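What follows is a set of notes on a single structure, which appears directly below.
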Amino acid sequence: MTDDTTLTARERLRVHLHEARRTTDSPIVEAQLEAALDAWNDLRPTPLRECPVCGKVGLPERIQQHRCGSKT
C-alpha cells in the first residue's frame, strides 16, 4: 500500500476503496465498492489554492502544510 503521509484525503479514500474491492469475497460488497469508486470518479476536482505569502499554488491541504516561512 502507498505511504499515506504523501496522499490527500481524496487519494487515500480512493486507495482504500480499491483495496477493499480487491480483497472482498462478496459479490454484493464488490458491487457496492465499484459503485462508490464510480461516484468518486464523478466528483469534481478539488480547486487549487494560492499561498497568500509566497504565491505557491496547490491543493488546499498541501498549501496549508507547505513551508514558505509563514505559519498561516
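Just so you know, residue 1 is the first one in the sequence shown, and it goes up from there. Please read all numbers here as calculations on a predicted model, not as lab measurements.
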For Arg62, is there an ion pair with Glu11 - N to carboxylate O distance below 4.0 angstrom? yes

Separation between CG of Leu13 and CH2 of Trp40, rounded to the nearest 0.5 Å: 8.0 Å

Reported NE2-to-CD1 distance for the pair His66 and Ile63, which is rounded to 0.5 angstrom: 5.0 Å

In terms of heavy-atom contacts, Arg49 and Pro60 come closest through CG-CG, 3.6 Å

Over all atoms of both residues, closest heavy-atom pair of Leu33 and Ala20: CD1-C, 3.4 Å

Any side-chain heavy-atom pair from Leu59 and Arg10 closer than 4.5 angstrom? no

Is there a side-chain contact between His18 and Val15 (heavy atoms, below 4.5 Å)? no

Should the heavy atoms of other residues, nucleotides or ligands under 6.0 Å from CG of Leu43 be counted, would the total exceed 12? yes

Return each pair, listed once, that meets salt bridge (Lys or Arg N to Asp or Glu O under 4.0 Å) where at least one residue sits in residues 28-43; pairs must be two or more places apart or across chains. Arg21-Glu34

